[in-house]
A.B. asks: 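The structure that follows is given in the form of structure tokens.
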Amino acid sequence: MPVVMLPLSWHVGAPHVGTPSAGTAHTCGSVGYMAPHARSTSQSDPHASKRVFPSRPRSQAARREAAQAIADRLAQVYPVSHVNLTHSTPFQLLVATVLSAQTTDMRVNQTTPALFARYPTPEDLAQADLAELEELLHPVGFFRVKARHIRDLARTLVDHFHGEVPVAIDDLVTLPGVGRKTANVVRGDAFGLPGITVDTHVGRSARRWGWSRSTDPIKVEQDIASLLPSEIWTVTCHRIIDHGRAICHSRNPECSRCPLADLCPSFEILRS
């Protein structure tokens, strides 16, 4: 594949792309798109008759090569990419990630200093008064549900894991409010272990790039794992999230200024 020189405006910090804001809400949905000459999934998924995807190479080797080219380009455009949730311990990252559902990283980061000052350990949080906890979490939305989740999470850590955040994903997903997405964030950013975080940006981009044709986050995770080496899983997901926030929006993606345009199989589809 020929080497493509990136214009200066495609690098982080330039006026066009820049470092994406942390003020984008974390959501669980995914929006498909319609276009001619793209393959429909209606045969395999009767509920997705309107969802279509771009063509992709037949061989797994060619798919890996195409995926690696995109990952390499993302690394050029977003060389410094990391989780935006402020934390100093695995426990803090775990709680902050649970709180980030349906709100922004910025709002979570404004809320957690007071939360962790009041409840610095799982043992402290496990004994929290629910009404007081709800008051602290009011700014992040869904505060009643989140207050119960993080208190129950802390109690589970104390009762079953000696007050420590477990490393194994099968243990993490037993915690209240924790699914595979949160578990992979903690594994990747708190413990330095390979993890694929399939949020709305990663799932959408994977489908647009032909990495996956599934809307099931677990299947998308498996598809990405089959294409990219494990040592870049965590940082590539952060870069995809940054790219989704900056350019590859769910609605009205800014394809005309996308630094991946020459590599993206959906470029012509999305422009039509």
Side-chain angles (χ1 to χ4, degrees), residues 6 9-28 67-113 115-116 140 165-167 169 172 177-206 209 211 217 220-221 224-225 227-250 258-260:
L6 296 177
S9 62
W10 283 356
H11 288 274
V12 170
H16 291 294
V17 176
T19 301
S21 168
T24 302
H26 290 260
T27 60
C28 299
Q68 187 63 57
I70 288 177
D72 290 344
R73 182 70 59 79
L74 287 169
Q76 291 177 278
V77 180
Y78 307 99
V80 180
S81 194
H82 51 77
V83 67
N84 289 314
L85 295 168
T86 303
H87 65 282
S88 57
T89 66
F91 171 64
Q92 290 185 359
L93 179 59
L94 176 62
V95 171
T97 307
V98 171
L99 296 179
S100 71
Q102 301 297 321
T103 191
T104 65
D105 292 345
M106 183 182 301
R107 185 60 60 86
V108 173
N109 289 340
Q110 292 169 344
T111 303
T112 50
L115 174 69
F116 295 138
V140 300
V165 176
V167 176
I169 196 165
L172 283 165
V178 177
R180 286 189 68 87
K181 183 179 79 169
T182 296
N184 277 318
V185 170
V186 173
R187 281 171 57 84
D189 292 284
F191 297 120
L193 298 172
I196 296 172
T197 304
V198 182
D199 76 340
T200 184
H201 300 293
V202 173
R204 179 176 67 250
S205 296
W209 296 336
W211 293 6
V220 174
E221 180 183 337
I224 295 175
L227 296 175
L228 297 176
S230 60
E231 58 266 25
I232 67 168
W233 286 353
T234 299
V235 69
T236 298
C237 286
H238 288 315
R239 288 167 177 157
I240 294 171
I241 292 168
D242 285 349
H243 185 65
R245 290 172 173 171
I247 301 288
C248 198
H249 315 300
S250 177
C258 179
L260 306 179

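Nothing here was measured: the structure is a model prediction, and the numbers come from that model.
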A.B. asks: Heavy-atom distance under 4.5 Å between the side chains of Ser250 and His201, does that happen here?
C.D. replies: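 Ser250 does not reach His201 side chain to side chain.
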
A.B. asks: Rounded to the nearest 0.5 Å, how far apart are NE2 of His82 and OG1 of Thr234?
C.D. replies: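 Reported to 0.5 Å precision, the distance equals 14.0 Å.
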
A.B. asks: Could you grab the distance from atom CE of Met106 to atom OG of Ser100, nearest 0.5 Å is fine?
C.D. replies: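 Here the rounded value is 14.0 Å.
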
A.B. asks: Going by atom types alone, do Asn184 and Thr197 pair a side-chain donor with an acceptor below 3.5 Å?
C.D. replies: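 Asn184 vs Thr197: no donor-acceptor pair found between side chains.
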
A.B. asks: Is it true that a side-chain atom of Arg187 and a backbone atom of Val167 form a donor plus acceptor pair closer than 3.5 Å?
C.D. replies: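 The answer is yes, because a donor-acceptor pair under 3.5 Å joins these two groups.
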
A.B. asks: Examine distances only and state if a side-chain atom of Trp211 and a backbone atom of Ser205 form a donor-acceptor pair shorter than 3.5 Å.
C.D. replies: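 No; judged by distance alone, with no hydrogens or angles, the pair does not exist.
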
A.B. asks: Does a donor on one side chain sit under 3.5 Å from an acceptor on the other, for Asp189 and His238?
C.D. replies: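 Yes, side-chain donor-acceptor contact under 3.5 Å.
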
A.B. asks: Quick one: does any side-chain atom of Asn109 pair with a main-chain N or O of Thr86 as donor and acceptor, under 3.5 Å?
C.D. replies: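 Yes; at least one donor-acceptor contact below 3.5 Å.
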
A.B. asks: Could you walk me through whether Arg73 and Ile70 pass the side chain to side chain contact (heavy atoms under 4.5 Å, CB included) test, one step at a time?
C.D. replies: CA-CA 5 Å; Arg73 182 70 59 79; Ile70 288 177; 5.7 Å; no

A.B. asks: Sub-3.5 Å donor-acceptor pair from the side chain of Thr112 to the main-chain atoms of Ala96, do we have one?
C.D. replies: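 Answer holds: no.
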
A.B. asks: With side chain to side chain contact (heavy atoms under 4.5 Å, CB included) as the criterion, how do Val165 and Phe191 come out once you've worked through the C-alpha distance, each side chain's angles and the decisive distance to 0.1 Å?
C.D. replies: CA-CA 10 Å; Val165 176; Phe191 297 120; 4.2 Å; yes

A.B. asks: Tell me whether Arg204 is salt-bridged to Asp199, with the criterion being a basic N under 4.0 Å from an acidic carboxylate O.
C.D. replies: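 No, Arg204 and Asp199 are not salt-bridged.
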
A.B. asks: Which pair of heavy atoms, one from Ala206 and one from Ile224, lies closest together, and at what distance?
C.D. replies: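 Heavy atoms of Ala206 and Ile224 come nearest at CB-CD1, 4.2 Å.
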
A.B. asks: Check Ala183 against Ile169 and note the closest heavy-atom contact, atom names and distance.
C.D. replies: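 Shortest heavy-atom separation between Ala183 and Ile169 comes out as CB-CG1, 3.7 Å.
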
A.B. asks: Could you tell me whether a side-chain N or O of Thr89 sits under 3.5 Å from a main-chain N or O of Gln92, the two making a donor and an acceptor?
C.D. replies: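 Checked: pair present.
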
A.B. asks: Kindly determine whether Leu172 and Thr182 satisfy side chain to side chain contact (heavy atoms under 4.5 Å, CB included), including the steps that lead there.
C.D. replies: CA-CA 9 Å; Leu172 283 165; Thr182 296; over 6 Å; no

A.B. asks: Return the OG to CD1 distance between Ser81 and Ile241, rounded to the nearest 0.5 Å.
C.D. replies: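 One finds 8.0 Å between OG of Ser81 and CD1 of Ile241.
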
A.B. asks: Locate the shortest heavy-atom distance separating Ala67 from Leu227; write the atom from each residue and the value.
C.D. replies: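 Shortest heavy-atom separation between Ala67 and Leu227 comes out as CB-CB, 3.9 Å.
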
A.B. asks: Could you check whether the rings of His243 and Trp209 sit parallel, tilted or perpendicular, using 30° and 60° as the cut-offs?
C.D. replies: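 It falls in the tilted class, 30° to 60°.
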
A.B. asks: Please name the pair of heavy atoms, one in Leu115 and one in Leu99, separated by the smallest distance, quoted to 0.1 Å.
C.D. replies: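 Closest approach of Leu115 to Leu99, heavy atoms only: CD2-CD1, 3.9 Å.
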
A.B. asks: Measure across Ile232 and Gln68 and return the closest heavy-atom pair with its distance rounded to 0.1 Å.
C.D. replies: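 It is CD1-NE2, 4.0 Å.
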
A.B. asks: Looking only at heavy atoms, which two atoms of Val220 and Gly203 are closest? And how far apart?
C.D. replies: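 Scanning both residues completely, I find the closest heavy atoms to be CG1-CA, 4.3 Å.
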
A.B. asks: Calculate, to the nearest 0.5 Å, the distance between atoms CZ and CG belonging to Arg239 and Asp72 respectively.
C.D. replies: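 Interatomic distance, Arg239 CZ to Asp72 CG, rounded to 0.5 Å: 9.0 Å.
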
A.B. asks: Using only atom types and a distance under 3.5 Å, with no angle test, would you say the side chain of His87 pairs donor to acceptor with the backbone of Leu85?
C.D. replies: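 It does hold such a pair.
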
